[in-house]
Novice: 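First the structure, then my questions, so here it is.
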There are 2 protein chains.
Amino acid sequence: MKKDEPMSICPCAITIAMLSSKWKILILRELLKGTCRYRDLRERVFGVSQKMLTQSLKELEADGLVSRRIYPEVPPRVEYSLTDDGNSLRPVIQVLDDWGAHYVAEKDPDYVATRFNLDAPKNNWMKIPYNESL
Amino acid sequence: MKKDEPMSICPCAITIAMLSSKWKILILRELLKGTCRYRDLRERVFGVSQKMLTQSLKELEADGLVSRRIYPEVPPRVEYSLTDDGNSLRPVIQVLDDWGAHYVAEKDPDYVATRFNLDAPKNNWMKIPYNESL
DNA sequence: CGGCATCCCCTGAGATACTG
DNA sequence: CAGTATCTCAGGGGATGCCG
């Protein structure tokens with residue numbers, strides 16, 4: 001790869017960059033099921049802090065994947081849902097899910113456990129309800 | 001999500017976690033084309049430092065996606081290639097690539113540029129040869 | 001209810017120098 | 001050629017407290 005060659009941007013790197021902050025995929029996964037209030041996401045995306053949830057939602061909104069609707073009520077109500085672009089991620093997330101499921105199924109469970117700190121009692125990341133399919 | 005409910009691990013989060021270190025997807029993308037020497041990867045994965053390349057390859061090998069073959073020669077020769085598991089990522093990366101390409105195509109180029117620091121002269125990340133398809 | 005503002009810590013990653 | 005070994009630093013992300 002010469003330095004003076006014209007370059008372009010790797011599309012798969014773009015996608016990974018957009019999805020790779022710690023909680024985003026779990027948030028998107030939840031929103032794939034349908035519109036959701038902020039507090040619902042806090043409950044369902046197990047382990048996410050309020051700061052990270054807010055921050056992730058903001059970025060997802062800036063990226064055009066999520067839309068935010070505020071109802072002028074007291075107490076306030078805010079609903080999050082996927083945009084068309086967000087929904088277009090469904091097959092992507094599905095493929096990621098399938099590959100991951102196949103990977104863990106064939107791997108040494110101990111390796112997977114240590115690799116992702118599943119043992120640590122404090123670790124809530126990656127957790128989803130048992131037997132929940134995408 | 002109750003605290004006492006049995007939990008399982010989100011497969012798509014696993015996949016994202018495995019691919020989301022800064023250079024991995026570009027390395028894998030390169031290895032999808034075929035076996036490669038260390039120095040070839042250094043040239044072709046534009047902008048990767050020698051430390052990050054070594055480190056990423058190590059992790060990919062530990063994850064069982066990449067295999068490393070050393071030839072007992074002087075000077076040494078080391079070739080990297082994808083394992084079967086690594087190759088099974090091809091459709092995954094293809095989907096990521098398609099989605100990313102579609103995303104940037106429809107987005108405001110200025111937004112994309114600022115979002116990913118494409119303007120910064122020092123930024124080499126994400127760069128691939130012009131007109132190179134997956 | 002749905003956030004912001006702070007403080008703080010740890011790790012991912014860059015830069016540089018050295019080795020079998 | 002294909003790596004190690006250090007040092008360094010920015011910023012991702014946790015914890016806590018306050019606000020409209």
Side-chain angles (χ1 to χ4, degrees), chain A residues 13 16-27 30-31 35-62 66-81 115-117 120-127, chain B residues 13 16-27 30-31 35-62 66-81 115-117 120-127:
Chain A
I16 287 290
M18 292 184 60
L19 301 180
S20 61
S21 106
K22 189 169 181 184
W23 299 97
K24 280 186 184 171
I25 199 140
L26 292 164
I27 295 168
E30 202 56 39
L31 289 176
T35 299
C36 230
R37 296 185 60 167
Y38 182 88
R39 52 170 318 216
D40 297 328
L41 287 171
R42 281 225 59 186
E43 284 178 12
R44 294 175 196 163
V45 179
F46 197 65
V48 70
S49 74
Q50 172 247 40
K51 174 192 167 184
M52 286 315 295
L53 179 54
T54 303
Q55 180 178 312
S56 303
L57 286 168
K58 247 184 208 159
E59 292 173 9
L60 291 169
E61 194 191 1
V66 162
S67 76
R68 182 171 182 271
R69 178 159 186 191
I70 317 164
Y71 294 84
E73 303 172 359
V74 179
R77 178 159 59 111
V78 179
E79 286 185 352
Y80 291 91
S81 54
R115 166 73 223 260
F116 300 107
N117 296 308
K122 291 203 162 193
N123 180 34
N124 286 323
W125 187 44
M126 288 187 167
K127 299 278 168 59
Chain B
I16 287 290
M18 291 184 62
L19 301 180
S20 61
S21 107
K22 190 167 182 184
W23 298 97
K24 280 185 184 172
I25 199 138
L26 292 164
I27 295 169
E30 202 55 41
L31 290 176
T35 298
C36 230
R37 297 186 59 168
Y38 182 87
R39 53 165 324 204
D40 297 328
L41 287 171
R42 281 227 58 188
E43 284 177 12
R44 294 173 196 166
V45 179
F46 196 65
V48 71
S49 74
Q50 169 242 46
K51 174 194 166 185
M52 285 315 296
L53 179 54
T54 303
Q55 181 178 310
S56 303
L57 286 167
K58 247 182 208 160
E59 293 173 8
L60 290 169
E61 195 190 1
V66 162
S67 76
R68 182 172 181 272
R69 177 156 187 193
I70 317 162
Y71 294 83
E73 305 172 359
V74 179
R77 179 160 59 113
V78 179
E79 287 184 350
Y80 291 92
S81 55
R115 164 76 223 259
F116 299 106
N117 296 309
K122 290 201 161 188
N123 180 34
N124 286 322
W125 186 45
M126 288 187 171
K127 298 280 168 56

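Here is how names work: the chains are called A, B, and so on, in the same order as the sequence lines, proteins then strands, and each is numbered from 1.
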Novice: Looking at residues at least two apart in the chain, or sitting in another chain, which of them share a side-chain contact (heavy atoms from CB on, under 4.5 Å) with A/N124?
Specialist: A/F46
Novice: Identify whether any heavy atom of A/R37 sits under 4.0 Å from a base atom; if not, whether one sits that close to sugar-phosphate; answer base, sugar-phosphate or nothing.
Specialist: sugar-phosphate
Novice: At a heavy-atom distance below 4.0 Å, which nucleotide of DNA chain D is the first touched by chain A, and which is the last?
Specialist: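 So the contact region on DNA chain D extends D/dG13 to D/dG20.
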Novice: Rounding to a whole Å, what distance do you find between A/W125:CH2 and C/dT11:C1'?
Specialist: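 The answer, rounded to whole Å, is 13 Å.
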Novice: Applying side-chain contact (heavy atoms from CB on, under 4.5 Å), name anything that partners B/R42, two or more places apart in sequence or on another chain.
Specialist: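 Counting only residues at least two positions away or on another chain, B/R42 forms a side-chain contact (heavy atoms from CB on, under 4.5 Å) with B/Y38, B/Q50, B/L53.
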Novice: With sequence neighbours excluded, what pairs up with A/R37 under the side chain to side chain donor-acceptor pair (under 3.5 Å) test?
Specialist: none
Novice: If the condition is side-chain contact (heavy atoms from CB on, under 4.5 Å), which residues does A/K51 pass it with, not counting sequence neighbours?
Specialist: A/S49, A/Q55
Novice: Suppose the criterion is salt bridge (charged side-chain N to carboxylate O under 4.0 Å, His left out): which pairs have a residue in residues 70-79 of chain A, not counting sequence neighbours?
Specialist: A/E73-A/R77, A/R77-A/E79
Novice: B/R115: which residues meet the salt bridge (charged side-chain N to carboxylate O under 4.0 Å, His left out) condition with it, sequence neighbours left out?
Specialist: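 Partners of B/R115 by the salt bridge (charged side-chain N to carboxylate O under 4.0 Å, His left out) criterion, ordered by chain and then number, come out as A/D63.
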Novice: Any protein N or O atoms within reach of nucleotides 13-15 of chain C? Criterion: under 3.5 Å, listing atom names and distances.
Specialist:
residue : atom : partner : partner atom : Å
C/dA13  : OP1  : B/K22   : N            : 3.1
C/dA13  : N7   : B/K51   : NZ           : 3.1
C/dG14  : OP1  : B/K22   : NZ           : 2.9
C/dG14  : OP2  : B/W23   : NE1          : 3.4
C/dG14  : N7   : B/K51   : NZ           : 3.2
C/dG14  : O6   : B/K51   : NZ           : 2.5

Novice: With B/S81, which residues qualify under side chain to side chain donor-acceptor pair (under 3.5 Å), at least two apart?
Specialist: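 Partners of B/S81 under the side chain to side chain donor-acceptor pair (under 3.5 Å) test: B/S67.
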Novice: For B/R39, enumerate each residue passing the salt bridge (charged side-chain N to carboxylate O under 4.0 Å, His left out) test, keeping only those at least two apart in sequence or located in another chain.
Specialist: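 With neighbours one apart ignored, the set is B/E43.
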Novice: Would A/W125 and A/N117 count as a side chain to side chain contact (heavy atoms under 4.5 Å, CB included) here? Give the steps.
Specialist: CA-CA 9 Å; A/W125 187 44; A/N117 296 308; over 6 Å; no
Novice: Scan residues 18-27 of chain B for pairs that pass salt bridge (charged side-chain N to carboxylate O under 4.0 Å, His left out), counting only residues two or more places apart or in two chains.
Specialist: B/K24-B/E59
Novice: If you take any heavy atom closer than 4.0 Å to DNA chain C, which residues from residues 68-76 of chain A end up in contact?
Specialist: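 Hits under 4.0 Å, by residue number: A/R68, A/P75, A/P76.
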Novice: Just checking A/R77: base, sugar-phosphate only, or nothing, at a heavy-atom cut-off of under 4.0 Å?
Specialist: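 A/R77: backbone/sugar contact only, no base atoms under 4.0 Å.
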Novice: Rounded to whole Å, please give me the gap between CG in A/L41 and P in C/dC1.
Specialist: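 These atoms are roughly 14 Å apart.
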